[in-house]
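Because only heavy atoms are used, hydrogens play no part in the values below, and waters and symmetry mates are left out as well, while side chains stay in. All ligand and atom numbering here is 1-based and tracks the order in the structure.
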Amino acid sequence: MKMYDVITKKQSGRELTEEEIEFFVNGVADGSIPDYQISAFLMAVWFRGMTEEETGILTECMVTSGEIDKLDSIIGKKVDKHSTGGVGDKVSLIVGPMVAAANKGIYVPKMAGRGLGFTGGTLDKLESCKGVNTEISAEEFENIVKDLGFCIAGQSKRLAPADGKLSALRDVTATSGSIPLIAASVMSKKIASGSECIVLDVKCGSGSFCKTLRDAEELARLMVRIGARAKRKTVALITDMSSPLGCAVGNSVEMIEAIRVLEGRGDEKLTELCITLAANMLYAANVDDLESCKAIAEETLYDGSALEKLADLVERLGGDRNYVYDTSLFEESNVTAILVAEKSGYISRIDAYEVGKAASVLGAGREVVGQTIDHTAGIILNKQIGDRIEEGEALATLQAQTLERAQAGMEYLFKAVTISDYPPEERKIIIKSI
Ligand code: URA
């Protein structure tokens with residue numbers, strides 16, 4: 001078989017066979033297919049798409065390109081959660097501790113990424129607590145899951161290695177937004193990491209891959225079907241990403257916001273989303289009916305047990321647990337700038353994509369793999385959509401290491417916000433469950 005022929009077949013929109021997809025994934029994993037041919041193939045998929053059958057086979061081949069974690073030493077149901085990614089998404093830092101704190105014998109082995117673009121990923125946010133090291137061995141990961149009921153650590157390179165290579169090339173070839181490629185990427189990692197139940201948070205709006213509800217539904221349905229094919233109980237929630245999630249966008253600022261939610265005094269919509277996701281994780285693992293699972297999840301925020309779980313994780317990963325109880329310990333940025341309202345009215349738009357770009361120019365993200373990011377850079381929104389604001393009132397605080405970066409961030413943030421004479425229609429955070 002020749003890769004050239006596989007590319008031309010997909011380029012002309014024909015359905016690939018199992019052998020052809022297997023040939024492609026094996027060649028990616030063992031390095032025998034050069035990057036330029038992989039990139040050409042990815043672009044052909046971007047234009048021509050893949051059938052559900054092709055996407056299912058692609059996912060299975062990506063799973064078998066590496067090891068599959070059995071987590072045999074953990075007796076109890078394992079539930080994983082994955083978000084398709086958005087601006088201000090600190091949810092994994094909150095729901096992992098919540099499900100563990102529910103103390104129902106359910107385990108959350110959460111492997112997370114670093115992320116490119118707007119801000120760092122979950123690992124970068126966690127590492128804003130000094131001393132935390134998320135690159136731990138498989139053995140240590142399993143031990144922490146067993147002891148705490150959950151762990152958040154770096155994605156093991158042993159699992160779905162073909163995804164690592166494909167994701168890196170998708171990032172630089174403008175093919176990240178292809179629905180079958182997103183589905184195979186997410187589900188191959190989730191299936192390989194061994195959980196029986198998977199809860200997916202499919203983001204919809206300007207700050208996510210899926211800009212329209214139609215795309216988000218297509219992606220959610222596809223991933224749920226791939227999960228069923230692999231005999232994993234899979235649930236997807238479609239949630240709003242037209243504006244940033246919560247008030248903080250960055251790394252340490254998002255970690256601090258996650259702590260506020262775990263203290264039971266977080267942003268209302270973010271808290272609602274976390275309770276719903278944690279409840280769905282408990283429900284998927286057959287703990288109780290969905291309403292009771294919501295009550296169980298909520299209780300962990302108000303009795304302090306979920307906060308303690310996060311402190312336990314920080315400590316087990318080599319950090320200082322006091323960061324979770326005293327957020328003044330987080331390192332501060334050199335420069336703080338305030339964006340004020342140029343007129344009075346109601347906040348009618350805070351565009352997630354534009355806020356993401358502002359965070360990125362402030363220094364909160366990375367442009368290439370391996371680049372160091374500034375944990376202290378970020379944005380704190382003082383107002384949310386629908387809030388009244390008066391001329392000259394503080395709309396947001398920006399943090400950066402230099403004045404130049406703060407000014408550049410300010411320009412983007414200014415464009416991200418619209419103030420109108422009338423309050424906008426209320427938008428729900430949870431749009432749909434699939
Ligand atoms: N999350 C992933 O893991 N992969 C994608 O392609 C998109 C979101």
Task: Test salt bridge (Lys or Arg N to Asp or Glu O under 4.0 Å) applied to Glu54 and Arg14, Lys10, Arg48, Lys9, the passing residue - done: Lys10

Open item on the list: For Phe41 together with Phe24, are the ring centres under 6.0 Å from each other?
Closed with: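 Yes; Phe41 has its ring centre under 6.0 Å from that of Phe24.
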
Return yes if a side-chain donor-acceptor contact under 3.5 Å exists between [X] and [Y], otherwise no.
{"X": "Asp89", "Y": "Ser83", "answer": "yes"}
{"X": "Thr51", "Y": "Glu15", "answer": "yes"}
{"X": "Thr17", "Y": "Glu20", "answer": "yes"}

Do any nitrogen or oxygen atoms of ligand 1 lie under 3.5 Å from a protein nitrogen or oxygen, and which ones?
{"from": "ligand 1", "atom 1": "1 (N)", "to": "His82", "atom 2": "NE2", "distance (Å)": "3.3"}
{"from": "ligand 1", "atom 1": "3 (O)", "to": "His82", "atom 2": "NE2", "distance (Å)": "3.2"}
{"from": "ligand 1", "atom 1": "3 (O)", "to": "Lys189", "atom 2": "NZ", "distance (Å)": "2.5"}
{"from": "ligand 1", "atom 1": "4 (N)", "to": "Ser185", "atom 2": "OG", "distance (Å)": "2.7"}
{"from": "ligand 1", "atom 1": "6 (O)", "to": "Arg170", "atom 2": "NH1", "distance (Å)": "3.0"}
{"from": "ligand 1", "atom 1": "6 (O)", "to": "Arg170", "atom 2": "NH2", "distance (Å)": "2.8"}
{"from": "ligand 1", "atom 1": "6 (O)", "to": "Ser185", "atom 2": "OG", "distance (Å)": "3.4"}

Open item on the list: For a quick test of reading the model, state the closest non-hydrogen atom pair linking Ala408 to Val361 and the distance between them.
Closed with: C-CG2, 3.7 Å

